[in-house]
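Read through the structure below, which is laid out as structure tokens, and then see the notes.
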Amino acid sequence: MRNMAVMIELEVRRLRHDWAELYGRAIQPLLWLGVFGPIMSTIRAIPTGGVPYIDFITPGVLLQSVTFVSIHYGINIVWERESGILKKLLVIPGPRYSIVIGRAMASGLRAIFQSLIILPVALLIGVRFVPNPLYFVLAIVVIFLISGGFASFSILIASFMKTRERFMGIGQSLSFPLLFTSNALYPLSIMPPPLQFIARLNPMSYVVNAVRGLTITGDISNLAVDLLAVGIFDVAMFVAASISFKRVIE
Amino acid sequence: MQNADFAVDVQGLSKVYDGKVRALDGVDLKIEAGNVFALLGPNGAGKTTLMRILTTQIKPSSGKASVFGCDVVRGESSVRRLVSYVPQEIGVWTDITGYENLLIYSKLYAIPSDKRRKTIDEVLGIVGLWDVANSIVKTYSGGMIRRLELASAMLTSPKIMFLDEPTIGLDPSARKAVWERLWSFRKERGTTIFYNTHYMDEADQYSDMIGIINRGRVVTVGTAESLKDSIGKDMIVFSLQNHSAADIPMERITALDSVYGASVEGSELSVLVRDTESSLPSTVKVLFEAGVAIEKISVAKPTLDQVFASYAGPQAEKRDGVRQVRAVRRLIRRG
Ligand SMILES: Nc1ncnc2c1ncn2[C@@H]1O[C@H](COP(=O)(O)OP(=O)(O)O)[C@@H](O)[C@H]1O
Ligand SMILES: [Mg+2]
């Protein structure tokens with residue numbers, strides 16, 4: 001538990017020295033909201049249930065950027081293996097999984113900061129949020145959790161990669177498929193059935209649904225299922241990453 | 001608590017990576033508490049592998065190893081409380097300050113919060129990084145980064161420090177600075193130090209005991225002096241007039257009874273012998289018969305390089321060292 005807290009503290013300290021990266025990573029999602037969104041909404045081709053299209057995609061765009069950052073985290077771990085940091089962390093007292101989960105949660109922290117940059121800008125663009133602080137806090141918690149899950153997922157993948165370069169290719173190409181095979185940009189109902197099937201397996205769909213309900217539509221009738229899906233995904237990924245971590249070490 | 005008097009006790013230790021690479025091949029080694037032990041060997045000899053097993057990072061394939069009586073497999077959490085470790089590569093975060101690095105490590109090592117500040121200041125003083133403690137590590141020189149790593153290894157006052165090539169990639173003055181700090185720390189605390197190196201002079205100068213490792217085996221252990229003695233008490237150096245190496249009857253010289261080994265470098269022929277008195281006449285006779293003209297003869301003590309060559313074979317060049325230095329430099333730049 002202590003190790004996890006320290007890993008999060010470490011992340012705060014790193015962020016403090018490098019805010020630029022955080023802002024840099026916020027540019028892409030803002031382009032989605034500022035350019036892609038308005039253009040698509042003029043076409044009015046996508047049934048969004050009465051919500052403006054930009055509002056509809058805001059949770060998905062936010063989560064895409066969070067996923068991207070979280071998956072990038074695996075690269076960090078591979079890099080730390082090439083440097084000596086990981087070796088040194090292996091020698092500290094305490095169980096190994098505390099390092100894995102600690103790092104995954106540090107990624108969740110980054111995701112929160114990321115959201116806190118993107119959301120106000122979205123508000124300025126004209127996205128109308130549900131004015132309920134409790135919902136907002138809950139949405140942030142969901143974002144934190146899914147980021148941890150995706151970071152573990154990326155550690156899992158990283159454990160199969162020998163070099164950082166190879167991981168970069170794979171890691172970076174993961175976040176967009178996750179986005180496109182989810183309900184982030186269009187509702188499930190207009191997808192062809194095979195894609196619908198994939199979307200139902202995609203954890204992204206559940207998070208998008210939860211965050212959309214909490215921040216945009218206020219409809220949280222599915223929240224319990226969504227949270228359960230996120231929880232299962234996280235636990236599965238934490239366990240898998242902790243086990244595969246052995247491979248990262250050797 | 002068997003063998004608790006030994007800081008490190010290794011018996012028949014082997015490590016095979018991926019079922020293919022035999023990195024350690026039956027290592028036996030005992031190190032007494034309080035010693036500074038240098039494990040000397042060429043790149044790829046298995047130094048890092050042995051150290052990673054002793055610090056509980058990876059498991060041996062067979063054999064046993066213990067640190068102050070604690071088995072590195074069964075008692076891994078006890079071992080972790082006794083040791084500290086500096087990896088061959090960079091083991092600090094380069095995007096935060098030196099002080100923050102020490103703060104993070106002191107928390108990971110559960111140093112009580114009321115003692116943290118004092119402990120960190122103390123180790124910063126020992127390694128001489130006081131004035132740059134609040135700069136980002138990326139701006140440090142290679143030597144400063146190494147000293148920061150030492151500081152983080154000193155934080156917990158470990159019983160034994162494992163240092164993997166602590167001065168790799170450093171210029172002579174930075175190496176000296178590292179060792180002076182380390183030496184005064186161990187004098188003050190009596191900490192056992194186990195370090196890997198491929199620098200002969202480092203092992204010679206900064207150690208109580210030296211072990212030579214080659215191809216996964218520790219081939220010999222002793223003090224620098226005893227190792228030098230073991231390959232012959234004396235070294236006779238002949239300065240030759242005609243220095244074509246082909247003229248020198250190396251085989252006949254090394255076949256002589258009292259000769260342990262011989263090597264040619266430039267116009268100098270070095271012959272390792274049991275004692276000069278009985279070996280000189282026969283050696284001179286061989287050279288004379290081969291028509292090699294001798295300009296000067298001097299007698300010296302053998303160097304550790306020759307000890308190393310005689311145990312590990314002459315292939316152990318510094319070439320690999322240079323490659324590693326570049327790799328480490330690259331890591332520092334990439335940050
Ligand atoms: N993680 C690893 N996986 C596979 N082989 C390895 C690994 N680490 C080291 N080796 C191999 O084991 C041998 C010993 O390496 P190492 O212990 O790093 O030697 P040294 O530290 O003396 O240079 C080398 O042949 C090296 O290639
Ligand atoms: Mg090594």
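Order of the sequence lines fixes the chain letters, A, B, ..., with proteins taken first and strands second; residue numbering starts at 1 for each chain. The figures here come from the full heavy-atom set of this structure, side chains too, leaving out hydrogens, waters and symmetry mates.
- Lys88(A) and Glu89(B) are not joined by a salt bridge, as no carboxylate oxygen comes within less than 4.0 angstrom of a charged side-chain nitrogen.
- No side-chain heavy atom of Leu108(B) sits less than 4.5 Å from a side-chain heavy atom of Arg2(A).
- Across all their heavy atoms, Gly84(A) and Pro87(B) have their closest contact at O-CG, 3.6 Å.
- Within the structure, salt bridge (Lys or Arg N to Asp or Glu O under 4.0 Å) pairs that include any residue of residues 99-116 of chain A comprise Glu11(A)-Arg110(A), Glu21(A)-Arg110(A), Glu80(A)-Arg103(A) (at least two apart or interchain).
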- Check step by step if side-chain contact (heavy atoms from CB on, under 4.5 Å) holds for Ile96(B) and Arg16(A). CA-CA 9 Å; Ile96(B) 55 177; Arg16(A) 256 208 336 234; over 6 Å; no
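- Using a 4.5 Å cut-off between heavy atoms, Arg14(A) contacts chain B through both its backbone and its side chain.
- Not counting sequence neighbours, the partners of Ser154(A) by the side-chain contact (heavy atoms from CB on, under 4.5 Å) test are Ile71(A), Phe167(A).
- For Thr97(B), the parts sitting under 4.5 Å from any heavy atom of chain A are the backbone and the side chain alike.
- Atom CG of Asn3(A) is separated from atom CD1 of Ile104(B) by 11.0 Å, given to the nearest 0.5 angstrom.
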Could you go through residues 155-164 of chain B and list every donor-acceptor pair under 3.5 Å that involves a side-chain atom there, pairing it with any protein atom two or more places apart or in another chain?
| residue | atom | partner | partner atom | Å |
| --- | --- | --- | --- | --- |
| Ser157(B) | OG | Arg189(B) | NH1 | 3.2 |
| Asp164(B) | OD1 | Asn196(B) | ND2 | 2.9 |
| Asp164(B) | OD2 | Thr48(B) | OG1 | 2.8 |

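- For Val92(B), the parts lying near chain A are the backbone and the side chain together; criterion is any non-hydrogen pair under 4.5 Å.
- Counting heavy-atom neighbours within 6.0 Å of Lys115(B) NZ, excluding the residue itself, gives a total of 12 or less.
- Interface residues of residues 89-97 of chain A toward chain B, defined by a heavy-atom distance below 4.5 Å and sorted by number: Leu89(A), Leu90(A), Val91(A), Ile92(A), Pro93(A), Gly94(A), Arg96(A).
- Contact of Ser77(B) with chain A is not made at all, since no heavy-atom distance falls under 4.5 Å.
- The neighbour count for Tyr17(B) OH, taken as heavy atoms of other residues, nucleotides or ligands under 6.0 Å away, is above 12.
- Within the 4.5 angstrom heavy-atom criterion, no atom of Ala153(B) approaches chain A.
- Residue-environment remark: CH2 (Trp130(B)) stays at or below the threshold of 12 foreign heavy atoms within 6.0 Å.
- In this structure, Lys87(A) NZ and Ile90(B) CD1 are separated by 12.0 Å, a value rounded to the nearest 0.5 Å.
- Between the CG atom of Leu10(A) and the CH2 atom of Trp93(B) there is a distance of 5.0 Å, given to the nearest 0.5 Å.
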